[in-house]
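Written below as structure tokens is the structure these notes are about.
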Amino acid sequence: MAHIKENILHIQQEIEGLCNRIGKDPREIHLIAVTKTVDADKINEAIDNGIVNIGENKVQEIMNKFEQVDHVNWHMIGHLQTNKVKYIVDKVQMIHSVDRIHLAEEINKRAKQINRCIDILIQVNIAQEETKFGLDEKDIYDFIEQLEGLQHIHVKGLMTIAPYDDVPDRVRIHFKRMKQLFDEIHNKNIKGVEMHYLSMGMTNDFKVAIEEGANMIRIGTGIFGERNYTEK
Ligand SMILES: *Cc1c(COP(=O)(O)O)cnc(C)c1O
């Protein structure tokens with residue numbers, strides 16, 4: 001039995017307490033409830049309890065649940081194959097996992113066909129883990145340059161998945177580096193590139209992420225409980 005309502009309240013209280021401690025406005029922190037493997041009824045229960053953003057990491061899950069879920073902003077947070085963009089381009093508010101120019105071009109093309117613009121985040125593999133998707137930080141500026149002219153995508157910030165560590169403080173260094181990059185890109189005032197959202201922090205490490213500057217956190221387990229799930 002999942003205690004979705006209590007869990008959401010608990011996370012919100014933790015965000016509030018932390019923000020008060022570090023002098024931030026808790027309203028600046030956007031909470032994304034990660035709903036992978038969670039059925040539509042439970043997602044709707046979360047929405048009834050104040051959730052306005054949900055995150056999925058698989059195209060198929062978005063397609064399966066889209067019709068059954070109440071009005072909410074959908075975020076694609078997982079690795080996205082180029083040939084599957086067409087299935088979600090009309091459904092998602094934001095794509096967090098853009099890490100290849102071909103993918104960006106496909107999103108732009110499909111968004112243009114339906115006459116809309118899609119917000120995207122650039123995914124960075126900040127700890128240079130072989131098993132993770134995302135750009136190397138050294139490639140970010142080349143990547144941003146290549147996005148110029150893609151008028152149906154709006155770059156809104158950066159996203160990363162930190163390495164898992166039982167001691168979240170040990171990944172602080174990666175969050176810190178992400179914030180530096182975020183500020184650096186922001187200060188360059190690149191046309192068409194906004195640094196508005198820094199999406200980092202999950203159940204295990206969201207407090208450290210917020211302390212280091214995250215304003216969008218992605219929480220699954222902390223809201224819906226432990227789930228069996230594989231990345232593939
Ligand atoms: C599953 C997932 C999360 C949430 O992870 P929890 O540890 O369950 O909070 C966040 N981001 C991405 C990209 C995920 O795949």
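First listed ligand is number 1; within each ligand, the first listed atom is number 1. The figures that follow rest on heavy atoms only: side chains count, while hydrogens, waters and symmetry mates do not. On a predicted model such as this, the values are computed, not experimentally measured, just so you know.
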Answer yes or no: does an N/O atom from G220 fall short of 3.5 Å to an N/O atom of ligand 1? yes
Using a strict 4.0 Å cut-off to heavy atoms of T221, name the atoms of ligand 1 that fall inside it. 6 (P), 7 (O), 8 (O), 9 (O)
Numbered atoms of ligand 1 (with element) below 4.0 Å of I161, judged on heavy atoms: 13 (C)
State whether the number of non-hydrogen atoms from other residues, nucleotides or ligands found under 6.0 Å of I114 atom CD1 is greater than 12. yes
Using distance alone, with no hydrogens and no angle criterion, decide if Q60 and N64 have a side-chain donor and acceptor under 3.5 Å apart. yes
Between ligand 1 and N204, is the shortest N or O to N or O distance under 3.5 Å? no
Check ligand 1 against I219 and write out every atom of the ligand that is under 4.0 Å from a heavy-atom position of the residue. 9 (O)
Quick test of your reading: applying side-chain hydrogen bond (donor to acceptor under 3.5 Å, both in side chains), list the pairs with at least one residue in residues 23-32, sequence neighbours left out, ordered by first then second residue. D25-R27
Give the C-alpha distance, both sets of side-chain angles, the deciding distance and a yes or no for side chain to side chain donor-acceptor pair (under 3.5 Å) between H102 and T82. CA-CA 7 Å; H102 279 117; T82 308; over 6 Å; no
For atom 14 (C) of ligand 1, which candidate among M202, K36, R218 holds the nearest heavy atom? K36
Which residues pass the salt bridge (charged side-chain N to carboxylate O under 4.0 Å, His left out) test with E14, not counting sequence neighbours? K207
